[in-house]
Amino acid sequence: MASMTEIGTQYDPAATESATYREWEEAGVFTADLRRSRRSGGDREPFVIVMPPPNVTAVLHMGHGLNNTVQDVIVRWRRMRGDEALWVPGTDHAGIATQNVIEKQLASEGKTRFDIGREAFVARTTEFVGETGGTILEQLRALGASCDWNRTAYTLSPELSRAVREAFVQLYERGLVYRGHRVIHWCSRCLTSLSDEEAEHAEEPGNLYHVRYRVIAPAGTTGPDWITVATTRPETMLGDVAIAVHPDDERYRTVIGGKALLPIANVEIPIIADAEGVDPAFGTGALKITPAHDANDFEIGRRHNLPMPVILSPEGRMDNGAEADHRVPSSLLGLDRFEAREKVVEMLRELGQLEKVEPHSHAVRHCYRCDTVVEPRLSDQWFVRIKPLAEPALAAVRERRIRLLPERWEAAYINWMEGIRDWNISRQLWWGHRIPVWYCDACGEVIASREDMESCTKCGGPVRQDDDVLDTWFSSWLWPFSTLGWPDRTSDLASFYPTDDLVTAPEILFLWVSRMIMGGFAFMGEAPFHTVYLHGTVRDLEHVKMSKSLGNGIDPLDVIALYGADALRYTVISGLGMGADLMLDPNDLEKSFAPGRNFATKLWNIGRFLLSNVGTGTVKSVAALDPGTLARTDRWILHCLNEAISECDAALGPARPQGGVWKANELRAGLRLGEYVESARRFVWNELADWYVEAVKLRLAGSGEDREVARAVLVHVFGAALRLLHPVVPFITETLWRRLPLEADDATPGFIATAAWPAIDPAHGEEREFELVREAINAIRQLRAEYAISPGDQITAQLLPDAGGATADGSAILIEETQLIQRLARCEMVKMSGESAAAEGDGKGALILLGNGSRLFVPLSGVIDIDRECAKATTELAKLDKQLASLTARLANPGFTGRAPAEVIESERQKEQEWTRRRGQLAEKVRALCGS
RNA sequence: GGGCGAGUAGCUCAGUUGGUUAGAGCGCCUGCCUUACACGCAGGAUGUCGGGGGUUCGAGUCCCUCCUCGCCCACCA
């Protein structure tokens, strides 16, 4: 126990945070004990979050800061609520991203990955990851993340690699994974295929080129000599194998069945009719068919059994690939596709076959890792047959076993799930889980295997493993259970699966979250979590997403060094609307993070006050105090605490659905972290510090029983406040907690991180009388400021006797609170007895109506502008009159009373009563001020 | 092209089922170094609640429409 003299005048986060974190870690505060989980016979509900694994090469940025702060707040809250809380940390090997990092290194050495070969490349990457990987996990500690580091996972670890193989082979055995030959998205920079979700759309200006093809009419028919097609990618025409028109299109009826001459390549191609793939209203109504380089054309090509020449190399250069023969002339061979586009257009123009070029804005897909324009390309890939997996995932959201917050994402999820297409999971990369399939060249056997294969199981011949690796998301979709030991039926898996909340950004809803839900059902038969919380994106003041490459980023470690982790966390959480983006100013850290630091300082100073005035001696427990000894301010702050707890609980919401299905009234409740923090902040600052601490000063300076009561209440209330705030500002609350004097019957200090969440004490009900005092003081402060009464001048305020007041004996308040009021407002309140009536005295002063109907009179002869007060009150009264009149009219209208539901009418009547009462008060005020 | 969200004080945002004088933080103005706190205290100013129309006694809130931004989805070449 530190003595009060040891607490510095200034809170220094840099000096305490890392030490505090070490203590937590060493004490095992974050380590979940599976034996305590109810699922394995323990007495606690498990509460589990798996961290969205950052890329193993990542360094902490504000996006991580936001994501992990949100998770930590939730986990710390549940830990204090008595759950067996587990937050599983880890990293993702991040196939393409990490491979790109190493390839860049190689490029700076003038090499490519092919120069050093696969084995050396993988070895080098492994080494790099081993040395620098996981930096981010270390950085998360600075943020205060209360992860169970004993369970740190890595998608490419031996354990998780086993899970990946198991998943692949299981799906293979169930007929849900297959080898497909079709057009996929190809990144010519990364040299790999991509899934639909990895090829991102971007609207871009481009051109629509109208190209004329000479028609070779069927024998004995007449018709147009030319047929014009429109294309945005003219270079692909070299891969054309047909021209398709709609069968009902009158313009082209006669040429169907004929042929056209493909310019440049000089190949004859058929003119075919296809109702499904051709929209007669677009362009010219004639569509060039390039099956190897367009997904739609591929389908048409397949329907019509057309050849599929490949005319682009993997690098995106013009090339005579499979089936291409000599279509690409030597003048174009090897040209980049965009150069080739220019060149082809030029050639067509020279041939006189470029009819026109018109600007055309269209969506172009880009590689999500390197932003290169992706090319549709015919190739052999592994696919997951996804529809059967999507069904339970769709049902789970529809049936409210899984909720998405904010709600609007549910529609997007359902929409995506309904239109889902097979998932391309093979990547032509080297960094990742190699596909566990072996081929026997001798007998053609294909074997998917959990174990490495040496020879063919059928013919005993040599086998070779598939060269490709799996999509990085094929390992991360297993994350909620692979991190818990699956496929082994471990105790961790039994105790902690399914998990609870999944916290991430909407960008990876389809790439990751949706697939995890499918994976959960596919391999565990159960949803992986019941809540998906999608927070916003961190942006700068121009609403541009923060990123290192744009130079508008904020380094969380800088913020932590300057303001402390608590300040960072407070800032991130306090402004956080559900699903809203977080705007921060990278050029003005002070503006963004000072409020968090200031709040920490406020807490610190309350602590300093408490320690120097309460002392470190044990205090009585509030529960053990005789209720009769509590002062009005004590009762008031204890009630405020109840309110604060209730508001925090309501904002944080239910932790889990009862019975596995979200009830309608709880479906959208909770996880409003911004509201939770605001409630706690208001309590500490505006109620505890601004009023209670002020009120308690003189009592603490005194002696005797009342001092003991004040000590007990202050310690109790501040301790509860620290606990309420701990999830957001864990470091400073822990630091203050351990210095707090103990309450008598709570002799087990321990960490605040594992202290019990405050509970409402119904013994402390509403305290209206102190509210009255606050109102009176506020009114006097306003007068003082408004009339520029100097602090030295005393104001005499008089509470008028008032039969209608809710306080039976108004004078009692004044006697008790006089000193407080003197401190706060520097005025004197004089008890008025019934016989005196100052308002009717010289009549010069302010009459203030208090909430309970009492009246406060402040004589201010010669100072107060009675006319102005009178005008204000009169206006107010007129407005209320008008409103009251319309309400009364409404209640008298049979058209309303006859139709409206009974409870509506009842509430309107109550409103009328309330307003009538208020009108009476106002009228009295007007009489007093205006003198009529 | 389809869908969704947002537009409230200079900035970032709250505003529950329509109803007293539309709120908070930061910023701004005024006065205070009141022995927990100037990273503070007290007080204050600032809003045609995106535009227009409608329902209603009454609309920031409900309906229609338009405008502006943002996001998601999409095989019109």
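Below, chain A is the first sequence line, B the second, and so on; all start at residue 1.
- Under the Watson-Crick or G-U wobble criterion, with both distances below 3.5 Å, B:rC71 is paired with B:rG3.
- If you check B:rC39, B:rA42, B:rC71 against the side chain of A:Q10, the one that comes closest is B:rC39.
- At a threshold of 4.0 angstrom between heavy atoms, the contacts of A:V693 include nucleobase atoms, whether or not backbone atoms are also involved.
- In this model, a donor atom of one side chain and an acceptor atom of the other lie less than 3.5 Å apart for A:R681 and A:N686.
- Following rounding to the nearest Å, A:R681 (CZ) and B:rG25 (C1') show an atom-to-atom distance of 7 Å.
- Taking side-chain N and O atoms only, A:N598 has a distance below 4.0 Å to OP1 or OP2 of B:rG40.
- Distances from the side chain of A:N605 to the nucleotides B:rA24, B:rC75, B:rC37 place B:rC37 closest.
- Residue contacts for A:F298: at a heavy-atom cut-off of 4.0 Å it reaches no nucleic acid atom on any strand shown.
- In terms of phosphate contacts, A:W685 brings a side-chain nitrogen or oxygen within less than 4.0 Å of OP1 or OP2 of B:rC41.
- In this entry the distance linking CZ of A:R608 with C1' of B:rA36 reads 6 Å, nearest Å.
- No donor-acceptor contact under 3.5 Å links the side chain of A:E299 to the base of B:rC75.
- Within 4.0 Å (heavy atoms only), A:A281 reaches no atom of the nucleic acid at all.
- B:rA9 and B:rC41 have their P atoms separated by 26 Å, with the value rounded to a whole Å.
- Shown are A:R182, A:K288, A:R233, A:R365; of these, the salt bridge (charged side-chain N to carboxylate O under 4.0 Å, His left out) with A:D294 is made only by A:R233.
- Phosphate contact (OP1/OP2 of B:rC75, side-chain N/O of A:R365, threshold under 4.0 Å): present.
- The nearest whole Å value for the distance from the NZ atom in A:K288 to the P atom in B:rA77 is 12 Å.
- Straight-line distance between the P atoms of B:rU8 and B:rC49: roughly 11 Å, to the nearest whole Å.
- For A:T284 and A:A412, each mapped to the nucleotide of RNA chain B holding its nearest heavy atom, the one lying further toward the 5' end belongs to A:A412.
- Across all strands shown, B:rG47 forms no Watson-Crick or G-U wobble pair with both key distances under 3.5 Å.
- A distance of about 49 Å separates the P atoms of B:rG52 and B:rC33, rounded to the whole Å.
- Comparing A:D196 and A:H362 along RNA chain B, the residue whose closest nucleotide (by nearest heavy atom) sits nearer the 5' end is A:D196.
- For A:E276, the CD atom sits in a loose shell: 12 or fewer heavy atoms of surrounding residues, nucleotides or ligands are nearer than 6.0 Å.
- Relative to the side chain of A:W409, the nucleotides B:rG15, B:rC71, B:rU12 differ in distance, and B:rC71 lies closest.
- Picking from B:rA24, B:rU12, B:rC37 the nucleotide with the shortest atom distance to the side chain of A:M583 gives B:rU12.
- The partner of B:rA14 cannot be assigned: no Watson-Crick or G-U wobble pair with both contacts below 3.5 Å exists in any strand.
- When the side-chain nitrogen and oxygen atoms of A:H185 are compared with OP1 and OP2 of B:rC75, none of them lie within a distance under 4.0 Å.
- Distance, A:Y11 OH to B:rG40 P: 16 Å, rounded to whole Å.
- Across every strand in view, B:rA42 sits in a pair with B:rU30 that passes the Watson-Crick or G-U test at under 3.5 angstrom.
- By the 4.0 Å N-to-carboxylate-O rule, A:R539 lies close enough to A:D581 to be salt-bridged with it.
- OP1 or OP2 of B:rG27 has not a single side-chain nitrogen or oxygen of A:K591 nearer than 4.0 Å.
- Of the candidates B:rC41, B:rC73, B:rC37, B:rC41 carries the atom nearest the A:D690 side chain, counting heavy atoms from C-beta on.
- Residue-to-nucleotide contacts include a donor-acceptor pair under 3.5 Å from the side chain of A:K602 to the base of B:rC37.
- Residues A:T228 and A:K356 bring no donor and acceptor atom of their side chains to less than 3.5 Å of each other.
- With B:rU12, B:rA77, B:rA74 as the candidates, the nucleotide lying closest to the side chain of A:D279 is B:rA77.
- Per the geometry, CG belonging to A:D581 stands 11 Å off P belonging to B:rA14, to the nearest Å.
- Residue contacts shown for A:A411 are absent, as no nucleic acid heavy atom lies under 4.0 Å away.
- Within the 4.0 angstrom heavy-atom criterion, base atoms lie near A:A689.
- When the C1' atom is compared between B:rC73 and B:rC29, the two are found 50 Å apart, to the nearest whole Å.
- B:rA59: no Watson-Crick or G-U partner with both key distances under 3.5 Å is found in any strand.
- Across all strands shown, A:R408 has heavy atoms under 4.0 Å from sugar-phosphate atoms exclusively, and none from any base.
- Between the side chains of A:Y368 and A:E200, no donor N or O sits under 3.5 Å from an acceptor N or O.
- To the nearest whole angstrom, the two C1' atoms, one in B:rA14 and one in B:rU61, are 14 Å apart.
- Closest approach to the A:A363 side chain among B:rC76, B:rA74, B:rC73 is made by B:rA74 (side chain taken as heavy atoms from C-beta onward).
- Note on ring orientation: taking the six-membered ring where Trp is involved, the planes of A:F599 and A:W685 are parallel (angle under 30°, cut-offs 30° and 60°).
- Nucleotides B:rU20 and B:rG5, compared at atom P, are 27 Å apart to the nearest Å.
- Comparing B:rC76 with B:rC13, their C1' atoms sit 41 Å apart, to the nearest whole Å.
- We find that A:E590 and A:R597 are joined by a salt bridge, their nearest charged nitrogen and carboxylate oxygen being less than 4.0 Å apart.
- A:H360 comes within contact range of the sugar-phosphate backbone alone, with a heavy-atom separation under 4.0 Å but no base atom that close.
- To the nearest angstrom, C1' of B:rG25 lies 15 Å from CG of A:D588.
- For the C1' atoms, the distance linking B:rA59 with B:rU17 amounts to 14 Å, nearest Å.
- At whole-Å resolution of the value, CZ in A:R421 and P in B:rC75 are 4 Å apart.
- Here OH of A:Y692 is found 7.5 Å from CD1 of A:I637. Values are rounded to the nearest 0.5 Å.
- Atoms OH (A:Y368) and P (B:rC73) sit 14 Å apart, rounded to a whole Å.
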